Amino acid sequence: PKTGSFKDEL
Amino acid sequence: MNIFRLAGDMTHLASVLVLLLKIHTIKSCAGISLKTQELFAIVFLTRYLDLFTNFISIYNTIMKLIFLGSSFSIVWYIRRHRVVRRSYDKDQDTFRHFFLMWPCLILAIFINEKFTLKEVMWTFSIYLEAIAILPQLVMLQRTRNIDNLTGQYIFLLGAYRAFYILNWIYRYFTEEHYVHWITWVAGVIQTLLYGDFFYYYFQSWKNNVKLELPA
């Protein structure tokens, strides 16, 4: 899985 | 950003505003768990370490600042405000909340996507958020009689979680298929914790009676 791709959520 | 994510963020924002409204205008934090509020403050602090280094959008930055500012001011109100702190039911709020942090930290050290300080802290915040509501739920269970604003606050928090799950389902089908086990598992556990509360909330709403949890 790509790291940090959910970092655009709060 | 999809509609579910936006709805999730807005219900999250609304929950914070409802709580601040209760505290600020009624000058009361009756029924609110300080332990849960402290955990939320720690959640935001450890999750938004990249606030000034990783820019995503104006929207993201502003929302992060709102969540950080509101969570710390709520804690301040309950602990320090000379009127508000008198309404705090300390005897009902006895959960050993800092003990919840250790398993989350250990889990974050071992199960993360990348072993860096920022990434481990971010993962820690995800785990901690999943269980941060527990002291509040225990307190609800004890006081049983729940005023409207407290009930709405918890309902909106639960709605925020439910919308985030819909958001992940939507993202799974519309974006490239990256698997996000950490956020998904923690998020589903967190949402399930609200299940019981939701049940009684809807019952009281349907029957038009005051929300009261069974002993």
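First the proteins, then the strands, lettered A, B, ... as listed; each starts at 1. It should be emphasised that the depicted structure is a prediction, and the values quoted were computed from it without experimental measurement.
The distance from atom OH of B/Y164 to atom CG of A/L10, rounded to the nearest 0.5 Å, is 4.5 Å. Between the CG atom in B/D50 and the NZ atom in A/K7 there is a gap of 8.0 Å [rounded to 0.5 Å].
Counted within 6.0 Å of CH2 on B/W76, heavy atoms from surrounding residues, nucleotides or ligands total more than 12; the atom is thus considered enclosed. Atom OH of B/Y170 is surrounded by 12 or fewer heavy atoms from other residues, nucleotides or ligands within 6.0 Å. Counting heavy atoms of neighbouring residues, nucleotides and ligands inside a 6.0 Å radius, atom CG of B/L6 exceeds 12 of them. Counting heavy atoms of neighbouring residues, nucleotides and ligands inside a 6.0 Å radius, atom CZ of B/F99 does not exceed 12 of them. Open room surrounds NE2 on B/H24; 12 or fewer heavy atoms of other groups in view lie less than 6.0 Å from it.
Residue contact with chain A, scored on non-hydrogen atoms closer than 4.5 Å, involves the backbone and the side chain of B/N60 alike. Only the side chain of B/N167 comes within less than 4.5 Å of a heavy atom in chain A; its backbone stays farther off. Interface residue B/Y48: only side-chain heavy atoms are found under 4.5 Å from chain A.
With A/E9 as the fixed residue, the side-chain hydrogen bond (donor to acceptor under 3.5 Å, both in side chains) test singles out one of B/R5, B/R47, B/R171: B/R171.
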